[in-house]
Amino acid sequence: MKCLFSKPDNYFARCGRLNCAVREWRIDGAPAFLRGLRALFISDTHVLRRTTAADIRALADRAAALAPDLLLLGGDYADRAEDALRLFEVLSELKPPLGAFGVLGNNDAEAWPDVNDLRKVMARAGVQLLVNEAATLPVNGGRLILGGVDEHKLGRPDARGLLPEASAPDAYRVLLSHYPCPPNISCDLMLSGHTHGGQFNLLGLTPFSIGFERLFRKDIRAMAVAGLHEMSGMKLLVSKGIGASRLQWRIGVRPEIDWISFD
């Protein structure tokens, strides 16, 4: 359970402005065809009614300045469909060479009763929504196989059959899952959000450290609250994300987007 503890940041602020740090991660042991590739992972933006156009523009400009090869989105874009539209209108200006892909968060499922409406919005922005689906990206003679699962609260996440059962020299398997819950498939790297890094961190303890979410859903078990971990033969990166849904404060948890380099 040590993965549910994390060192608190010197941070205290209200959410909604999309201010964030860029956290850098190096993924060691990647196959030769992936070395040098850079991916940007953005999760839990939680754009609000009071989030301004300038706030969204600043986030997009920061992403554009990093010039990622691949953009990955971890869900919970906004609590209202109208605000998700504002976000994706601006993100449409990003043109990563390998494309942009995203998954559903629990708030997205609540904001969009028909997920196909969100799928169309994201597609217009150049983002492919993966709901128990996979995409194969040719990279330098190899294959980056990217799977994405449904969210756990209202959906039916199922990664079975999305990725090869074993890695190969010419393939690398990445799974996007909003919830950092155990996948029912093997992969090389799993990217998740949802926890907001605990959102409130006091001396390394967060609500996820005491398993508060399992009070409401016994079948949801976070493997980690934040950071990069080695687990069961895979690497798991849980982003602290940017915003929040209900309690609009972060204490001891700095908002972040994740800059991933494969070496």
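The basis for the numbers below is simple: all heavy atoms, side chains too, and nothing from hydrogens, waters or symmetry mates. None of the values given here were measured: they were computed from a predicted structure.
Remark: the backbone N or O of Ala58 is not paired with any side-chain donor or acceptor of Asp61 at under 3.5 angstrom. Side chain of Ser177 to main chain of Pro180: no donor-acceptor pair is present (N/O by atom type, distance under 3.5 Å, no hydrogens or angles). Between the side chain of Ser186 and the main chain of Glu165, a donor-acceptor pair closer than 3.5 Å is present. The main-chain N or O of Arg254 is found under 3.5 Å from a side-chain atom of Asp9 such that the two form a donor-acceptor pair. Between the side chain of Gln199 and the main chain of Thr195, no donor-acceptor pair closer than 3.5 Å is present.
A continuous path of ILVMFWY side-chain contacts below 4.5 Å connects Leu73 to Leu40, so both sit in one hydrophobic cluster. Cluster annotation: Leu146 and Leu191 are assigned to the same hydrophobic cluster (Ile/Leu/Val/Met/Phe/Trp/Tyr, side-chain heavy-atom contacts under 4.5 Å, transitive).
Taking Ile, Leu, Val, Met, Phe, Trp and Tyr as hydrophobic and joining them when side-chain heavy atoms fall under 4.5 Å apart, one finds Ile251 in a cluster with Phe12, Phe200, Leu247, Trp249.
Residues Ile42 and Leu72 have side chains not in contact (no heavy-atom distance under 4.5 Å, counting atoms from C-beta outward). Residues Pro183 and Ile185 meet the side-chain proximity criterion, which asks for heavy atoms closer than 4.5 Å. Looking at heavy atoms from C-beta onward, Val238 lies out of side-chain contact with Val225 at the 4.5 angstrom threshold. Inter-residue side-chain proximity for Leu144 and Leu70 is flagged as met; some heavy-atom pair is nearer than 4.5 Å. For the pair Met234/Leu189, no side-chain contact is recorded, criterion being any heavy-atom separation below 4.5 Å from C-beta on. Residues Leu71 and Leu98 form no side-chain contact, since every pair of their non-hydrogen atoms from C-beta on lies 4.5 Å or further apart. Within the 4.5 Å cutoff, no side-chain heavy atoms of Pro8 are placed close to those of Leu202.
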What pairs of donor and acceptor atoms, side-chain ones from residues 128-137 against any protein atom, are under 3.5 angstrom apart with sequence neighbours left out?
| residue | atom | partner | partner atom | Å |
| --- | --- | --- | --- | --- |
| Asn132 | OD1 | Asp150 | N | 3.1 |
| Asn132 | OD1 | Asp158 | N | 2.9 |
| Asn132 | ND2 | Arg156 | O | 2.8 |
| Glu133 | OE1 | Arg119 | NH1 | 3.2 |
| Glu133 | OE1 | Arg119 | NH2 | 3.3 |
| Glu133 | OE1 | Val131 | N | 2.7 |

Quick one: side chains of residues 81-89, donor-acceptor pairs under 3.5 Å with protein atoms, not counting sequence neighbours, listed by atom name and distance.
| residue | atom | partner | partner atom | Å |
| --- | --- | --- | --- | --- |
| Asp83 | OD1 | Arg80 | NH2 | 3.2 |
| Asp83 | OD1 | Arg86 | NE | 3.4 |
| Asp83 | OD1 | Arg86 | NH2 | 3.2 |
| Asp83 | OD2 | Arg49 | N | 3.3 |
| Asp83 | OD2 | Arg80 | NE | 2.9 |
| Asp83 | OD2 | Arg80 | NH2 | 3.4 |
| Arg86 | NH1 | Thr51 | O | 2.9 |
| Arg86 | NH2 | Leu48 | O | 2.9 |
| Arg86 | NH2 | Thr51 | O | 2.8 |

Taking only distance into account, with no hydrogens and no angle test, what donor-acceptor pairs under 3.5 Å do side-chain atoms of residues 25-34 form with protein atoms, sequence neighbours excluded?
| residue | atom | partner | partner atom | Å |
| --- | --- | --- | --- | --- |
| Trp25 | NE1 | Asp258 | OD1 | 2.8 |
| Arg26 | NE | Asp28 | OD1 | 2.9 |

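Asp69 is linked by a salt bridge (Lys or Arg N to Asp or Glu O under 4.0 Å) to nothing, counting only residues two or more places apart in sequence or in another chain.
Sorted by first and then second residue, the pairs that involve residues 175-197 and meet ring-ring contact (aromatic ring centres under 6.0 Å, His included), not counting sequence neighbours, are His46-His196, His152-Tyr179, His178-His194, Tyr179-His194.
For Asn201 against Gly252, the heavy-atom pair with the smallest separation is CB-O, 3.5 Å. Between Pro207 and Gly198, the shortest heavy-atom contact is CD-O, 3.3 Å. Of all the heavy atoms in Ala60 and Leu94, the pair that sits closest is O-CD2, 3.7 Å. Taking both residues in full, the closest heavy atoms of Gly197 and Ala226 are given as CA-CB, 4.1 Å, listed atom of the first, atom of the second, then distance. Of all non-hydrogen atoms in Ser92 and Lys95, the two that sit nearest each other are O-NZ, 3.1 Å.
A salt bridge links Arg173 with Asp188: the closest approach of a Lys/Arg side-chain nitrogen to an acidic carboxylate oxygen falls below 4.0 angstrom. Using a 4.0 Å cut-off between a side-chain N of Lys or Arg and a carboxylate O of Asp or Glu, Glu24 and Arg38 do not qualify as a salt bridge.
Counted by atom type alone, Asn107 and Ser245 present one or more donor-acceptor pairs between their side chains at under 3.5 Å.
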